[in-house]
Protein chains: 2
Amino acid sequence: MNILIAEDETDIRNLIKINLEDNQYKVFAAKDGLEAWEILKSQEIHLAVLDVMMPGLDGFNLLRKLRTISNIPVIFLTARMDEMDKVLGLGLGADDYLVKPFSMNELLARIGAQLRRSHEYQAQKWVDNEVIEYGALTIDKKSCTAYKDQIPLELNAKEYKLLLLLMENPERVFTKEQLYNAVWGENYYYDDNTIMVHISHLRNKIETDPQNPEYIKTIRGLGYKLHKMEV
Amino acid sequence: MNILIAEDETDIRNLIKINLEDNQYKVFAAKDGLEAWEILKSQEIHLAVLDVMMPGLDGFNLLRKLRTISNIPVIFLTARMDEMDKVLGLGLGADDYLVKPFSMNELLARIGAQLRRSHEYQAQKWVDNEVIEYGALTIDKKSCTAYKDQIPLELNAKEYKLLLLLMENPERVFTKEQLYNAVWGENYYYDDNTIMVHISHLRNKIETDPQNPEYIKTIRGLGYKLHKMEV
DNA sequence: CGGTAATTTAAGGTAAATTTAATGTTTTCA
DNA sequence: TGAAAACATTAAATTTACCTTAAATTACCG
C-alpha cells in the first residue's frame, strides 16, 4: 500500500514516514503541495496524509486537485481544529483529520480504517481513461499505449514511461538526472549514457528522421524537452 | 437517512437525537445493545452511533452481531481512548470513534463524512452490471460463473476474481501490485511470483493457446491487460 | 482427523529489455 | 582552430521480467 505524506515540517514528516514503513506501508514523502502533486501524478497512491498549512499549494487546494484524478481516502493534519468540522461534514472531499499533536497509534489506526473501507468498496477508482495528445503523438494511459498518426508505436516499458513523462509536461526541459529519477525511480548514482541510449531508441521509434528530431529536442548542457514547431 | 443511536446515558442519547433531527436525520434511539439490535433487525439503518460501555450487550459485541447483517458505517462513543486505536486499526469493523466529551459539531461532521463515503460506495455498487461480455468471454456476477463460448470455465476463487477485474476494466493495464491489491486485498509485502502463477493458471483455463494468449496480454515491465485483437 | 482442493513458494529456463562499451559527431570555448 | 565536453548511435554483454511446472503449505470439508 502506497501512502503519500505531504508535510512541510521535516521532523514530523520523517517520524510519520518511519512509523508507516515499520508497518509495511510504502511511503512517498513530500515537503510541500507541489512535490506531493508530482508524486500523485506519477505514482499509484492509496491514501494521502496532508498537512493543511503548507507553503504554496496548501492542503485544501491540493485536495481539490487530487479529487480531479482520484478518489482515495485523505486524512488531514492540522493544528487548527476549528474549520475542520466543516471540511469533513460538508463533503469537501476529506475523509478524516487529526489535530496536532496526535499520537502515532491514532494515525496508524485511522489509516488502517480508511484503507479497510477503501478496499472493501474498491474505492480506489481506476483513473478514468486519459488520453494525451501532442502533435501527431497520442498516449492512452489506461491501456499504456502510444500512437503516432493513429499508428501504434511499439514501445517497451522504459520508452513508454519516458514518452509519458515528456507528454505530460510538454515544453518542459528535463535534465538527464530528472529523467532518470522520474522513470527509473532511483536517486543515487547513474550513468547518463543509459538515458541517451533510451532517448535514441525512443527517437528511432517516433521521429520521421531521428537524426533531425521533430519532437524530442536536445538542449545541450541542460537536457531534453518535448517540443514541436508550430505549423 | 436513518441513524441508530445506542447510548445508555439518557441525556446524551437525547441530546444527540435532537441535534441529528435538527439536521434532518431520522433517528432511532436505543438505550442498550439489545434494543439497538431489535431496531437493526427491523429498520433500514444507514449509520450507527454506538456507545462502547452499555449494560448487557456492549458496543463491541453489538458491532459483531451487526456485521453479520450489515456493512453500514459505525461510529463509536467512548470515554476510554485506549483500545480504540486497535479497534479502528485492526479492522474489527468500526469506522470512526469519538471520545467523550465530544462536540456535537464534530459528531455531525463525522457522521456526514461517513455517510458521504458510504453513499459513494453504494452508488458504485448500483451501477454494476450483472453480466459482462468481452469477446467470447462472459461473466455472470450473480452466480460467480464464467464462460467461454457458452462453455463453463472451471475457475477457482482467485482466478475468477482476476478475470472479473480484467473484464470490468477491458484494455486497462494493471500492474502486478494492482492485481494483488484488488484481488488479495492485502496491504503489505507480496511476492509477485504468486500473481504470475495465477495468471498462468488462468491462461491455461481460458486461452486456446496459453503460450500465445489471445486475451490476457503481458505488457512487459508494466503489467497485464485484457485485450483481444479486433477481427 | 484425513483427504482434497486451493494457494503459495521454489526452481529452472528463456526471451526481451536494459545497461555497458565503443566509436563517431556536434557543439562550445579558449 | 583545435581540444574538450556533450551527445548520438550501435552492438555486445548483462540483467531482468516473465513463464511454467511441481513441491510445499494452507484451507476447507465431511
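A note on names: the letters A, B, ... follow the listed sequences, proteins ahead of strands, and every chain is numbered from 1.
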Exercise for the section: Among the candidates C/dT7, D/dC19, D/dA6, find the nucleotide nearest to the side-chain atoms of A/R220. Expected result: D/dA6

Exercise for the section: Applying side-chain hydrogen bond (donor to acceptor under 3.5 Å, both in side chains), run through B/N61 and B/D58 and close with a yes or a no. Expected result: CA-CA 6 Å; B/N61 284 302; B/D58 71 7; 3.1 Å; yes

Practice task
May I have the distance from B/D192 (atom CG) to C/dA11 (atom P), rounded to whole angstrom?
Solution key: 16 Å

Exercise for the section: Could you check how far CD of B/Q211 sits from P of C/dG13, rounded to whole Å? Expected result: 16 Å

Practice task
Using a cut-off of strictly less than 4.0 Å between a heavy atom of the residue and any atom of DNA chain C, enumerate the qualifying residues of residues 193-200 of chain A by number.
Solution key: A/N193, A/T194, A/V197, A/H198

Exercise for the section: Round to the nearest Å and state the distance from A/L222 atom CG to D/dA6 atom P. Expected result: 12 Å

Fill in the blank from the handout: Walking DNA chain D from its 5' end, the first of A/H201 and A/G221 to be reached, judged by nearest nucleotide, is A/G221

Completion exercise
Taking D/dA8, D/dC18, C/dT18 as options, the one with an atom nearest any side-chain atom of A/R203 is D/dA8

Exercise for the section: For C/dT8, take OP1 and OP2 only and decide whether either is under 4.0 Å from a side-chain N or O of B/W184. Expected result: yes

Practice task
Please check if atom NZ in A/K26 has more than 12 non-hydrogen atoms from other residues, nucleotides or ligands closer than 6.0 Å.
Solution key: no

Handout entry: A/N212 CG - D/dC7 C1' separation (whole Å)
Key = 14 Å

Fill in the blank from the handout: Between NZ of A/K158 and P of D/dT14 the distance, given in whole Å, is 19 Å

Problem - Nearest-angstrom distance from the residue atom CD1 of A/I216 to P of D/dC7 - result: 15 Å

Problem - Any donor-acceptor pair under 3.5 Å from A/D32 side chain to A/E35 backbone - result: yes

Completion exercise
Atom CG of A/L155 and atom C1' of C/dA17 are separated, to the nearest Å, by 13 Å

Practice task
Select one nucleotide: of C/dT18, C/dT8, C/dT9, the one nearest the side-chain heavy atoms of B/D191.
Solution key: C/dT9

Exercise for the section: Would you please classify the geometry between the A/H201 ring and the A/H198 ring as parallel, tilted or perpendicular, with 30° and 60° separating the classes? Expected result: perpendicular

Practice task
Name the nucleic acid region contacted by B/I219, choosing base, sugar-phosphate or nothing; use a 4.0 angstrom heavy-atom cut-off, strictly under.
Solution key: sugar-phosphate

Practice task
Quickly work out the A/L162 CG to C/dA17 P distance and round it to whole Å.
Solution key: 15 Å

Exercise for the section: Determine the sole option in B/E171, B/H227, B/E168 for which the side-chain hydrogen bond (donor to acceptor under 3.5 Å, both in side chains) test with B/Y134 is passed. Expected result: B/E171

Problem - Any B/Y224 side-chain nitrogen or oxygen under 4.0 Å from OP1 or OP2 of D/dA17 - result: no

Problem - B/N156 side chain near C/dT7 phosphate (N/O to OP1/OP2, under 4.0 Å) - result: yes

Exercise for the section: Could you tell me whether B/M196 atom CE has more than 12 heavy atoms of other residues or ligands within 6.0 Å of it? Expected result: yes

Problem - Neighbour count >12 (heavy atoms, 6.0 Å) for atom NZ, B/K161 - result: no

Handout entry: Below 4.0 Å: OP1/OP2 of D/dC7 and any side-chain N or O of A/K176
Key = yes

